[in-house]
S.K.: 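Below: one structure in structure tokens.
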Amino acid sequence: MKNRLLYILALILFMQSISAKADNGHRLWLKYDRITNVNNYKQYRYLLQQLVFRAGADVTSVAAKNELQRGLAGLLDLSPVENNQFVAGRTLIIGTPESNPLLHTKLVTDLLVQSGTEGFIIKATQLSGKNCIIIAANTGNGVLYGVFNFLRLLQTNQDISQLNITDSPRINYRILDHWDNLERTVERGYAGFSIWNWHKLPGYVDPLYVDYARADASVGINGVVLNNVNANPLIITKEYLVKVAALANTFRPYGIKVYLSVRFSSPVEIGGLKTADPLDGQVQKWWKDKADEIYSYIPDFGGFLVKANSEGQPGPQTYGRSHADGANLLADALAPHKGIVMWRAFVYDNKVPDDRAKQAYNEFKPLDGKFKSNVIVQVKNGPVDFQPREPFHPLFGAMPGTPLMLEFQITQEYLGFSTHLVYLASLFKECLDADTYAKGKGSTVAKVIDGSLEGHKLSGIAGVGNIGTDANWCGHPFAQANWFAFGRLAWNPELTSDAIADDWLRMTFSNDESFVSPIKQMMLDSRENSVNYMTPLGLHHIMGTNTHYGPAPWVDNAGRPDWNPVYYHKADSAGVGFDRTGTGSNAVAQYAPQVRDEFEDLKTCPTKYLLWFHHVKWNYTMSSGNSLWNEMVQHYYTGAASVKTMQQTWGKMNGKVDAEQFEEVKQLLAIQEQEARWWRDACVQYFQTFSRLPIPAGYEKPEHPLDYYRQLQFHYVPGIKGYN
Ligand code: GCW
């Protein structure tokens, strides 16, 4: 009996030791596991024996120091000796010129002139004639970002003997938007429930929030909108403000400010007023008092995000006022406290416009220059809605008198939820690098939003997060890369997708070249693969109605015309595609002349946007020599086949990464492969009912007839309202 008990005990301990080793992805890219490369390990341990860390007593400096110590302990098993002396060639010196006398030199202060409040330098240099490495900044925030950057260099096994880095963010407001509801569902969230446990706050502050803040700060995110843009007015009542304050206190050491989505009709719903008219004196007073109240709880509160007169949300137009009137009302209330208003341009109201893609431009362009100086207009990357591929939004470059903020979607609402491996840096870059020609060649979207094109002080970028209560935060191990990539590009839009993937893979999985190289290529190809099996050649908005799960190009009975896929693809016996040229909706006219001309001409319109702008005949000869029909079929088949290739590539990585994560990705890729074929077979057969052309020889037959796909039904798809 005793032996048996001992045996069971031993077994339990053994199982625990195995599961402790298994990696569920919770540590994200901040694993800090011991460096395995012997040369790097030796170099780092030698150079970093001593630490002189003097960065002030502010909470951010303390967080920076904790992070550094945590990182060095994990990566190098090193607890550097801390004192004011330093040993030549073996010391790391950190701080601001004010707080650390060693850094109070002309060399350092000169280098920091351009660093602002968030930039930093990392340099192998000499101080008082002795070699050392310094991380210096003007503020605690800069020190924190410098520390994360330095740790990244170690995690990615860089040579640190010749460091010479000067870096600062190009964009001021780098914000993660949560579409989290107060009852903890997440709109368009595919990684579990909201991580904000409103019920237990403020009494219990989950350590998870600190890990969350560390992850954000490590990639330079400096603001968080806690709640869904389809906002619940309760969020700005006292009941919730004390909870919000507890989160703000937790994030503050990491340089992160808290923002809230507010409902425009709050004065009526929670204030007892009869109206929310922005020109009403009582309404104005209500918002001013509310702002004062918010700042009494959260002195560094960031401001409001607003979705108004869109998809049923209330707004100033409800009272016959403009979006500028609405935004300025809130801006005035926040201005004494230095808060900002992020006013969304994603508007499509109850009136059906001639082309939904035109509506935001039509409503906002005439308001250019009419917004208060603490308003920034937040524009989605494309004119419809976060599709796998869209051309850049025509508002970029069209509102020179107004700072514009770019909104990306990190959560994969239209890109396979959290089951498809899609690396989104490629999508982000396509938009950031797009040339608006607003002020001639080189007027990229990146320059519009970083403020440099028009000299705006206010500049911002937002990403709709993909985070939830799943152990790995994002639902798919590779979806973490999209959170990471958003932050890195928000800091510096010029980084390449390749460099970001490289860092992320090394930090998250392994520095082994035989892993990094093929898997990086797989990531870089992944977005195009998904476009191919979902919406090639400029097709868009042909997914399942409401759930947005899977293909449904046939839907023609949704509540209003522009909710129907048929509205967007306009397939008929002649051809397919939305004519947005002068003979159609003329949406092309919303772009600068150079861009308009390029998109308008069938010959020069980039193939990737062809059916976005043109209704094209099925037998039209593409630049490849294929007919449109054959080209479309080819894209769908290539897309689906590419997921098989991804499976093969990943299959070879067995043993190179943690077994649990290997298995998870493997299973998810199998789902993706099935769903890619589902998209292919459903779409090809559906469009075939119009083209009446055969699937060219050599392609495998669709698995099921079209009707099978049309009749599929899904219950409890995550991410939609009423999911519960
Ligand atoms: O794409 C649509 C989504 C809605 C979302 C809306 C928006 C938060 O399907 O779920 O609502 O965009 O961006 O406001």
Side-chain angles (χ1 to χ4, degrees), residues 16-17 19-87 89-95 99-100 120 122 124 132-137 140 143-161 163 207-219 250 253-255 473 480 484 503-504 506-512 658:
Q16 274 179 347
S17 76
S19 67
K21 261 198 210 145
D23 194 337
N24 64 8
H26 189 72
R27 293 176 300 158
L28 296 158
W29 50 88
L30 299 175
K31 287 187 175 159
Y32 304 143
D33 284 341
R34 189 71 35 83
I35 287 170
T36 49
N37 180 308
V38 180
N39 290 337
N40 291 116
Y41 183 79
K42 275 195 191 153
Q43 184 199 35
Y44 301 157
R45 277 187 62 101
Y46 181 81
L47 292 172
L48 306 174
Q49 280 300 311
Q50 300 263 133
L51 173 67
V52 184
F53 198 123
R54 295 278 177 276
D58 59 290
V59 286
T60 309
S61 298
V62 173
K65 190 165 178 175
N66 290 342
E67 193 68 31
L68 184 79
Q69 280 168 340
R70 177 183 192 144
L72 294 183
L75 292 162
L76 299 169
D77 197 14
L78 200 62
S79 319
V81 180
E82 208 194 322
N83 57 31
N84 271 327
Q85 303 302 316
F86 72 89
V87 182
R90 306 190 69 172
T91 307
L92 178 61
I93 299 169
I94 302 184
S99 62
N100 192 335
F120 57 83
I122 305 178
C132 58
I133 294 174
I134 61 169
I135 304 177
V143 170
L144 177 73
Y145 292 133
V147 161
F148 273 119
N149 191 312
F150 183 72
L151 289 171
R152 185 166 72 233
L153 299 173
L154 306 186
Q155 288 176 281
T156 55
N157 292 0
Q158 313 279 316
D159 180 353
I160 59 165
S161 60
L163 289 173
L208 186 83
Y209 306 145
V210 176
D211 288 336
Y212 165 82
R214 289 174 53 236
D216 276 351
S218 74
V219 290
T250 313
Y254 294 92
W473 301 86
Q480 297 178 354
F484 181 87
D503 278 349
W504 180 78
R506 290 172 191 277
M507 295 164 84
T508 307
F509 288 112
S510 158
N511 274 288
D512 175 352
D658 172 83

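The figures that follow rest on heavy atoms only: side chains count, while hydrogens, waters and symmetry mates do not.
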S.K.: Would you say the side chain of D77 lies within less than 4.5 Å of the side chain of R45, judging by non-hydrogen atoms?
M.R.: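 Sidechains of D77 and R45: in contact.
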S.K.: Do the side chains of T36 and N511 get nearer than 4.5 Å, heavy atoms only?
M.R.: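 Answer no - side chains too far apart.
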S.K.: Taking side-chain hydrogen bond (donor to acceptor under 3.5 Å, both in side chains) as the definition, give me every residue that meets it alongside D33, ordered by chain and number, with sequence neighbours left out.
M.R.: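 Partners of D33 under the side-chain hydrogen bond (donor to acceptor under 3.5 Å, both in side chains) test: R27.
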S.K.: May I have the step-by-step check of side chain to side chain contact (heavy atoms under 4.5 Å, CB included) for V210 and T250, ending in yes or no?
M.R.: CA-CA 7 Å; V210 176; T250 313; 3.7 Å; yes
S.K.: Do M507 and F484 come within less than 4.5 Å of each other through their side chains, counting heavy atoms only?
M.R.: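 Touching, per the 4.5 Å side-chain cut-off.
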S.K.: Mind listing the closest non-hydrogen atom pair of A213 and Y254 along with its distance?
M.R.: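 Scanning both residues completely, I find the closest heavy atoms to be CB-CD1, 3.7 Å.
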S.K.: Which value, rounded to the nearest 0.5 Å, describes the distance between E67 atom CD and T60 atom OG1?
M.R.: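 Rounded to the nearest 0.5 Å, the CD-OG1 separation comes to 12.5 Å.
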S.K.: Show, in sequence, the C-alpha distance, side-chain angles and deciding distance for L51 and L72, and conclude whether the side chain to side chain contact (heavy atoms under 4.5 Å, CB included) test is met.
M.R.: CA-CA 11 Å; L51 173 67; L72 294 183; 5.6 Å; no
S.K.: What distance separates K31 NZ from D23 CG, expressed to the nearest 0.5 Å?
M.R.: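 One gets 4.0 Å once the value is rounded to the nearest 0.5 Å.
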S.K.: Hey, what do you get for CG (D512) to CZ (R506), rounding to the nearest 0.5 Å?
M.R.: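 Interatomic distance, D512 CG to R506 CZ, rounded to 0.5 Å: 9.0 Å.
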S.K.: Check the angle between the aromatic planes of W473 and H26 and answer parallel, tilted or perpendicular using the 30° and 60° thresholds.
M.R.: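 Parallel, since the angle between the ring planes stays under 30°.
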S.K.: Is R54 reaching over with its side chain to a backbone N or O of I94, donor-acceptor style, under 3.5 angstrom?
M.R.: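 Flag not set: sc R54 to bb I94 has no pair under 3.5 Å.
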S.K.: Have Y41 and N37 got a donor and an acceptor in their side chains that come within less than 3.5 Å?
M.R.: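 N37 and Y41 do not have a side-chain donor-acceptor pair below 3.5 Å.
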S.K.: Give me the atom names and distance for the closest heavy-atom approach of A64 to V147.
M.R.: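 Heavy-atom minimum between the residues: O-CG1, 3.7 Å.
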S.K.: Distance from R34 atom CZ to L76 atom CG, nearest 0.5 Å?
M.R.: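 So the gap between those two atoms works out to 8.0 Å.
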S.K.: Compare every heavy atom of A63 with every heavy atom of P253, then report the nearest pair and how far apart it is.
M.R.: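 Minimum heavy-atom separation between P253 and A63: O-CB, 3.4 Å.
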S.K.: Would you give the length of the straight line joining atom CH2 of W29 to atom CG of D503, rounded to the nearest 0.5 angstrom?
M.R.: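 Between W29 CH2 and D503 CG, I get 12.0 Å after rounding to 0.5 Å.
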S.K.: Search all heavy atoms of L28 against all heavy atoms of Q480 and return the closest pair with its distance.
M.R.: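 Taking L28 first and Q480 second, the nearest heavy atoms are CD2-CD, 3.4 Å.
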S.K.: What are the two closest heavy atoms between S61 and G140, and how far apart are they?
M.R.: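 Answer, listing the atom of S61 first, then G140: OG-CA, 3.6 Å.
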S.K.: Between Y212 and D216, is a side-chain hydrogen bond (donor to acceptor under 3.5 Å, both in side chains) present by the stated rule, with each step listed?
M.R.: CA-CA 6 Å; Y212 165 82; D216 276 351; 3.0 Å; yes
S.K.: If you look at every heavy atom in L78 and P80, which pair is closest and at what distance?
M.R.: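 Heavy atoms of L78 and P80 come nearest at O-CD, 3.6 Å.
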S.K.: What is the distance from atom OH of Y44 to atom CD of Q158, rounded to the nearest 0.5 Å?
M.R.: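 Interatomic distance, Y44 OH to Q158 CD, rounded to 0.5 Å: 6.5 Å.
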S.K.: Could you pull out all residues at least two apart from N157 that satisfy side-chain hydrogen bond (donor to acceptor under 3.5 Å, both in side chains)?
M.R.: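 For N157 there are no side-chain hydrogen bond (donor to acceptor under 3.5 Å, both in side chains) partners, ignoring immediate neighbours.
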